[in-house]
Amino acid sequence: MGLLSCSLVYMGLSHSFRSRIFSSASFESSTAAATGVVGGSGEVEEEECCQGIDNLELWGAAVKWGTDFKFNSSKDCCLACKAMCRGDGPCLCDSWVFCGDRERCGDKFGECWLKKQKDPLLPDLQEAGAKVVWTSGLIFGNGEGIVAMETEYGVLHIKLFPDCAPLSVAYIFDLLGVRHCAGCQFYRAESRGSSWDSEGNHIKDAPLGPPFALIQGTLEAQGVTFNKIPMEACPSIRRGSVAWIGSGPEFFISLANHNEWNRAYTVFGSVLPEDMEVAEKIAQLPTNLDVWNNIKVSVLDKPVSLWVKRITKSHGDLDIKSNENMDATGS
């Protein structure tokens, strides 16, 4: 317990639950997860994530009409979309819209609209706000939902998890819409040292830090409004996990499997395995020792600027089962 407390302290956690912005439209952030529900402990059930965003209606071409396609829960609607997004190639369904409030939905209650977006990274937003009765979610298939985090040391391609952390991914969409990411940077870098092997597995009887096997930075770009992001799905931190520290915009990329952190952080993506060498390269840059809340940390001599950008072609998909980067994505 003491070790866990220390890890939370040095990460600088802060918990604040507010609304987020999705494609420049405000809405309430009551993200009722159909499965993988985050509780007070910050843990998530070991099931497929099927989280959506309440009070949001995504538009797009319908592949299943909700007037003829109804379910009792948003989870079932989400899973119906995922069933059309298996195997290789683009998804036949990449977004779902569900009406689950019996009183407010009226005769629309249970309607499940399965849709296909022209651009999954720029979904077509019809309406958002407290008056909207719909709940919407996105699904990314193989080779989809991957963004580039460019640095002078190479590119980190990151697979986003909108079905597990929809509000977090919405903010990444905001960053894709800006011309620059001034203020976005890595400022802390700590190698795996002698405590974790090249696969990220902890070596028996080795200390759990320092160093803590991570690179840490901020994703708060100048000119982009950042509102604190509520805690979403918090699986175990695996090698490659990209997660918020508290409510953001501070984040980190893990170089190791950190089971000792007990699912304390919202994971919104994972670095593709072939790009982890870039993260390792940053972790080896010159640093200075510092002390944060009585914990020794390594701060980069020179922060590494980063830019979040779209990619122009498919870069394959994350092999979640073999790399165990995300315990609860299922997609």
* Structure fact -> Contacts of Lys116 meeting salt bridge (Lys or Arg N to Asp or Glu O under 4.0 Å) (sequence neighbours excluded), chain-then-number -> Asp94
* Any side-chain heavy-atom pair of Leu138 and Val169 under 4.5 Å -> no
* **Note, Trp196 side chain near Leu255 side chain (heavy atom, < 4.5 Å)** => no
* **Validation row: Glu111, Trp134 side chains within 4.5 angstrom (heavy atoms)** => yes
* Asked: Taking all atoms of both residues into account, what is the closest heavy-atom pair of Cys234 and Ala264, and its distance?
  -> SG-C, 4.4 Å
* Heavy-atom pair with the smallest gap, counting every atom of Ser241 and Ser270 -> N-OG, 3.9 Å
* **Taking every non-hydrogen atom, the tightest pair across Gly145 and Leu121** => CA-CD2, 4.1 Å
* Structure fact -> Between Gly240 and Met276 the two heavy atoms that sit nearest each other are CA-SD, 3.7 Å
* **Derivation of the side-chain contact (heavy atoms from CB on, under 4.5 Å) call for Ser74 and Trp96** => CA-CA 9 Å; Ser74 60; Trp96 54 272; 3.9 Å; yes
* Is the gap between the SG atoms of Cys181 and Cys184 under 2.5 Å? -> yes
* To do: Indicate yes or no for a side-chain donor-acceptor contact from Gln51 to the backbone of Cys164 under 3.5 Å, with no hydrogens or angles considered.
  => yes
* List the steps, then state whether side-chain contact (heavy atoms from CB on, under 4.5 Å) holds for Ser236 with Val267. => CA-CA 9 Å; Ser236 298; Val267 175; over 6 Å; no
* Asked: With side chains defined as the heavy atoms from C-beta onward, is the minimum distance between Lys108 and Val133 less than 4.5 Å?
  -> no
* Could you check if a side-chain atom of Asn201 sits within less than 4.5 angstrom of a side-chain atom of Asn257, using non-hydrogen atoms only? => yes
* **Working for salt bridge (charged side-chain N to carboxylate O under 4.0 Å, His left out), residues Lys115 and Asp124** => CA-CA 10 Å; Lys115 301 183 177 184; Asp124 190 359; over 6 Å; no
* Side-chain donor-acceptor pair present, Trp59, Glu57, cut-off under 3.5 Å -> no
* Asked: Between Leu214 and Ile203, is there a shared hydrophobic cluster once you connect ILVMFWY residues whose side-chain heavy atoms come closer than 4.5 Å?
  -> no
* Report yes if the side chains of Thr151 and Ile282 come closer than 4.5 Å at any heavy-atom pair, otherwise no. => yes
* Asked: Mind checking whether Tyr171 and Phe226 have parallel, tilted or perpendicular rings, split at 30° and 60°?
  -> perpendicular
* Could you pull out all residues at least two apart from Phe69 that satisfy ring pair (Phe, Tyr, Trp, His ring centres under 6.0 Å)? => Phe71
* Asked: Around atom CD of Glu152, are there more than 12 heavy atoms of other residues, nucleotides or ligands at under 6.0 Å?
  -> yes
* **Gap separating the CG atom of Leu79 from the CD1 atom of Ile139, nearest 0.5 angstrom** => 8.5 Å
Side chains of residues 297-307: which donor-acceptor partners sit under 3.5 Å, not counting sequence neighbours?
| residue | atom | partner | partner atom | Å |
| --- | --- | --- | --- | --- |
| Asp301 | OD1 | Asn288 | ND2 | 2.8 |

* Among the clusters formed by ILVMFWY side chains lying less than 4.5 Å apart, do Phe109 and Trp65 turn up in the same one? -> no
* **Donor on one side chain, acceptor on other, Arg238 and Asn259, under 3.5 Å** => yes
* Structure fact -> Taking every heavy atom of Cys77 against every heavy atom of Phe98, the minimum-distance pair comes out as CB-CD1, 3.9 Å
* Which heavy atom in Leu56 sits nearest to a heavy atom in Ala128, and how many Å separate them? -> CD1-CB, 3.8 Å
* Gap between atom CG of Leu219 and atom OG of Ser168 - 0.5 Å precision -> 10.5 Å
* Asked: Is it true that a side-chain atom of Ser195 and a backbone atom of Pro207 form a donor plus acceptor pair closer than 3.5 Å?
  -> yes
* To do: To the nearest 0.5 Å, tell me how far Gln185 CD sits from Gln216 CD.
  => 11.0 Å
* Would you say Phe251 and Thr218 make side-chain contact, with heavy atoms under 4.5 Å? -> no
* To do: Could you walk me through whether Arg188 and Phe212 pass the side-chain contact (heavy atoms from CB on, under 4.5 Å) test, one step at a time?
  => CA-CA 11 Å; Arg188 176 188 178 191; Phe212 292 98; 3.7 Å; yes
* **Residue list, salt bridge (Lys or Arg N to Asp or Glu O under 4.0 Å) with Lys309, at least two apart or on another chain** => Glu150
* With a 4.5 Å limit on heavy-atom distance, are the side chains of Val155 and Val278 in contact? -> no
* Residue among Leu156, Ile158, Leu175 satisfying side-chain contact (heavy atoms from CB on, under 4.5 Å) with Val147 -> Ile158
* **Partner set under side-chain hydrogen bond (donor to acceptor under 3.5 Å, both in side chains) for Asp119, not counting sequence neighbours** => Arg310
* **Pair Phe186 and Phe252, ring centroids less than 6.0 Å apart** => no
* With no hydrogens and no angle check, is any side-chain donor or acceptor of Asp101 less than 3.5 Å from a backbone partner on Glu103? -> yes
* For the pair Lys159 (side chain) and Glu144 (backbone), establish whether a donor and an acceptor sit closer than 3.5 Å, ignoring hydrogens and angles. => yes
* Euclidean distance, Ile237 CD1 relative to Ser254 OG, rounded to 0.5 Å -> 6.5 Å
* Could you walk me through whether Trp244 and Tyr265 pass the side-chain contact (heavy atoms from CB on, under 4.5 Å) test, one step at a time? => CA-CA 6 Å; Trp244 296 119; Tyr265 306 103; over 6 Å; no
* **From Ile311 atom CD1 to His157 atom NE2, the distance as rounded to the nearest 0.5 Å** => 5.5 Å
* **Cys85/Cys93 sulfur atoms closer than 2.5 Å** => no
* Asked: Does any pair with a residue in residues 277-291 pass salt bridge (charged side-chain N to carboxylate O under 4.0 Å, His left out), and if so which ones, sequence neighbours excluded?
  -> Arg192-Glu280, Arg239-Glu280
* Structure fact -> In this structure, CG of Leu167 is separated from CE of Met231 (nearest 0.5 Å) by 13.0 Å
